[in-house]
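Just follow the structure's listing: the first ligand is 1, and inside any ligand the first atom is 1.
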Amino acid sequence: MIDYLWATPVLTETAPFDAQQMADLLAYTLQKASYKRTNPPVNKLPDIAAMKLRSHYNLFDAEHDADAPKVWHEFRRYVDKTYRGYLCEAHKVANTDELHIVARCISGHYPTGMRTPPHYHHTCDHVLCLYLDCGQDRPDSATLIREIGDGELVLQDPRPMAGFPFWEKTRYIHTEPGLVVLHPSRVWHETNPFNSSGHRTLLTVTLRVASHNYGDLYVNL
Ligand SMILES: [Fe+2]
């Protein structure tokens with residue numbers, strides 16, 4: 001399903017993976033999160049005060065393929081098919097099969113109390129998230145206090161100076177294991193604090209169309 005939030009196409013659907021596949025994806029993601037902690041990525045960044053990127057890696061790199069479960073490759077094909085379908089339906093791109101698409105995948109693994117502050121994703125066109133674990137003992141929609149939250153994805157209205165009534169311009173997406181969300185990378189978004197027990201674990205894929213645009217015209221400066 002694609003909702004045109006503020007005329008911005010945001011896809012939400014349930015991933016086509018069974019319980020065992022979801023368990024395999026979660027186990028692999030946790031394994032990679034642990035690997036990331038013990039093998040900090042080498043950052044290739046300009047020097048900007050004390051800033052550094054914490055996620056300078058790509059789980060789709062061939063170096064990670066050796067120990068990946070079977071569902072990992074199915075997940076990758078699912079992302080490709082879903083993104084091409086999104087471009088076709090939302091943006092009326094008829095020849096999506098011809099597009100050269102590049103992607104980067106990172107894992108997120110958060111304990112109770114953590115949130116993701118507002119951000120957008122640079123160097124890509126769209127972002128797809130697959131939620132694998134959203135914790136236990138969670139409040140339902142009737143008991144959830146919106147101002148406290150419980151790990152909902154909050155999408156900001158991308159229009160500058162969005163008008164009255166401004167408090168209705170953010171969109172809250174309740175996350176569950178298996179939920180997939182695909183949205184334009186430049187939409188500012190954040191995650192409410194995760195207040196339940198357990199962990200919140202997800203895979204994030206940033207996507208870029210690398211052909212059929214002006215990219216081929218660029219030369220070294
Ligand atoms: Fe994000």
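Classified by interplanar angle (parallel below 30°, tilted 30° to 60°, perpendicular above 60°), the ring pair H121/H119 is perpendicular.
Only protein atoms were considered; those of element N, O or S under 2.8 Å from the Fe ion (ligand 1) number 3.
Under the 4.0 Å criterion applied to side-chain N and carboxylate O atoms, K32 and D67 are assigned as salt-bridge partners.
No continuous path of hydrophobic side-chain contacts links V127 to F60 [ILVMFWY only; heavy atoms under 4.5 Å].
Side-chain atoms of H183 and H126 form no donor-acceptor pair, as typed in the model, at a separation below 3.5 Å.
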Please report, to 0.1 Å, the donor-acceptor pairs under 3.5 Å made by any side chain of residues 8-16, with sequence neighbours excluded.
{"residue": "T8", "atom": "OG1", "partner": "L5", "partner atom": "O", "Å": "3.4"}
{"residue": "E13", "atom": "OE2", "partner": "Y78", "partner atom": "OH", "Å": "2.5"}

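In this structure, the side chain of S34 does not engage the main chain of L30 through any donor-acceptor pair within 3.5 Å.
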